[in-house]
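Since the structure comes first, as structure tokens, the remarks are kept for the end.
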Amino acid sequence: MKAAPALEAEHLFLSFGGVQAVRDVSLTVATGEVLAIIGQNGAGKSTFLNMCTGYLRPERGAIRIAGCSIVGLKPRAIARLGVARAFQHPQIFPQRCVIDHLRFASAAARPGFWNPFRPLNSPQSAQDVLQLLAFFALDKLADQPVRGIPEGARKLLDVAMALALEPKLILLDEPTSGVSSAEKLGLMTRLVHALRARGVSAIFVEHDMDVVARFADRVAVWVEGAIFRVGSPEDVLSDPEVKEHVL
Amino acid sequence: MAAEGSPTEAESHHEHSSMRNALAETASPRQAPMRATGKLRVSALVTILAFCAALPFISPPDTFEFTIVLAVGLAGLGVALLLEAGLISFGHALFYGMGGYTVAALAPVFPRFGILLLLFGGGVGAIVAAIAGLFIVRYRGVFFAMLNLAISMVAYSVLLKSYAISGGSDGMVVQVQGLVGQALGPGAFGRALFYVCLGSVIVLGVLLQCYRRSPAGWGLGAIEDREIRIEYLGVSANRLLLQAYVISGFLGGFGGAVAASAVGHVAPDDFFWTTSTVLVVVAVLGGRGVVGPFLGAALYELLSIAAARYLSNSWEILLGAVILLVIRFAREGFAGLPDTWRAASLQWRRQ
């Protein structure tokens, strides 16, 4: 029996007042696939991610994660289905130190989270947390409160938290924004490698076409709330109409 | 194309190993000052506890006041726990009063088993918190504060009107004669209650510290920062809050039960908003953490005694002045003074 795709979106519609933010969007992401979403600001890319994570509810249409309908579910219920998200503006806890973010995310993904006598720094997750810190080169900042670390490091921490959940599908909203151009390709190389090694499907919204060309299996182009083109990076990025409308 | 530039498994493994080793090497010097600070704190805590244990011998007539400080400190600890999530409760007198009335109601059944009565008081506080919390934890900010206040005032009114059950505005006499099966004289009972309470404070303090260091305890503090992120990690912020609310209710009920046993009387005023305000003041004066509310309760009691002696008709002026000073110069309360001073000193040196 054929396994259900990681994500299926069918005929999604959503408007804010008189603005049609998402118009008849249908998209499928296969298991293990890395899909890039490109488009101008306000094209509805982040709105689509918000619908896939339960923050916004589509007016019409269906969204399924591994065959399970998620429309109407809360973000935490969708997260428990194996969907993790990193944000365009890092959603982290300014007063807390870097390593505790990863300990918390790691604990959230494991049984025993609600045990009041289980320490945050549990031996079960300690190794994974250290690996993530090293993987994202955050180890030197491990004990620092995140309010004092650079924006790029915050971004990495946000992505690392999403990865600590050991997701089946990860949604990354501009993962390289705020990261220096020297670190950008290195970060994506390691991130995509880690995702592929774990068989994690990914959707990432990106404005850097070099990153898109290098790391995406497929690219979806968004224009004014609708999908304009979907295809391989070579085909899509060389399409004259895409160049005219988006690039 | 997608795999271009990907490190091999061996490279990746080697990289992780070397990073881990580097982390282990750098961890020791970084953690050394933290360990020293930790030891200092433990030493200070042990000294304070030893001093507390000696208080009934240093000043026997004040044993009652010391017990009340611990009782109010326990209830204030419940309020301080919720403050960690950035939420303030102006209705914790509900649990404090419930604990007291539970002791009053059950004392005739178990007159010589005061320890059991204290646990019942805490348990009833937790049960009431679990029921009320199902509704209250869905709200934040001023709504959370006001809903707590509203429920405690409803309980106050019900008790005031239910004369046959609660004794109305006269309240009820609490007849606890012993703690572990033997009847004790008033002096011996007071001392025994103080030590039982001190022991409970230590045990509950350790348990609460374990909770605060657990993922759920950490998440509670993170609610204040960014609740939506907690939800995106698959964790219910409301459930985190409910867990803390029930713990908080237990502490309030236990504190109220101790106070009722010590005073020997309960009245609807235990549910009144002024009692809730005292618990908030205690939490703010003492600061967050496990020790803070007890320091706050001790300071509050000292202020009350000093005011009764020198400012009997306008003691709120003294209390208000101290609160203003704490908010201006010690935002983290008295327990946070060392950290506040350290930060101020660092800033001064940088300038």
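Naming: A, B, ... by sequence-line order, numbering from 1 per chain. Nothing here was measured: the structure is a model prediction, and the numbers come from that model.
To the nearest 0.5 angstrom, B:Ile230 atom CD1 is 5.0 Å from A:Phe93 atom CZ. Rounding to the nearest 0.5 angstrom, the gap separating the CD atom in A:Gln91 from the CD atom in B:Glu227 is 12.5 Å. In this structure, CZ on A:Phe113 lies 9.5 Å from OG on B:Ser236, to the nearest 0.5 angstrom. Distance check, rounded to the nearest 0.5 Å: CG of B:Asp225 to CD of A:Gln95 gives 5.5 Å. Distance check: B:Ile228 CD1 to A:Arg76 CZ gives 10.0 Å after rounding to the nearest 0.5 Å.
Using the six-membered ring where Trp is involved, B:Tyr232 and A:Tyr55 have ring planes that are tilted, between 30° and 60° apart.
Across A:Phe104 and B:Gly219, no two heavy atoms sit closer than the pair CE1-CA, 3.5 Å. The heavy-atom pair separating B:Pro215 from A:Ala107 by the smallest distance is CG-CB, 3.6 Å. Taking each heavy atom of B:Val235 and A:Ala108 in turn, the nearest pair found is CG2-CB, 3.7 Å.
Chain B forms the most heavy-atom pairs under 4.5 Å with one residue out of A:Val83, A:Asp158, A:Asn115, A:Leu81, and that residue is A:Asp158. Annotation: maximal heavy-atom pairing with chain A below 4.5 Å, among B:Glu224, B:Arg212, B:Arg226, B:Arg213, occurs at B:Arg226.
Heavy-atom neighbours of B:Glu84 CD from other residues, nucleotides or ligands within 6.0 Å: above the threshold of 12.
Of the two parts of B:Leu207, the backbone and the side chain both hold a non-hydrogen atom closer than 4.5 Å to a non-hydrogen atom of chain A. Looking at B:Ile247, there are no atoms closer than 4.5 Å to chain A (heavy atoms on both sides), in backbone or side chain. Neither the backbone nor the side chain of A:Met188 comes within contact range of chain B; no heavy atoms are under 4.5 Å apart.
For A:Arg96 and B:Trp218, the positive end sits near the middle of the six-membered ring, less than 6.0 Å away and at most 45° from its axis.
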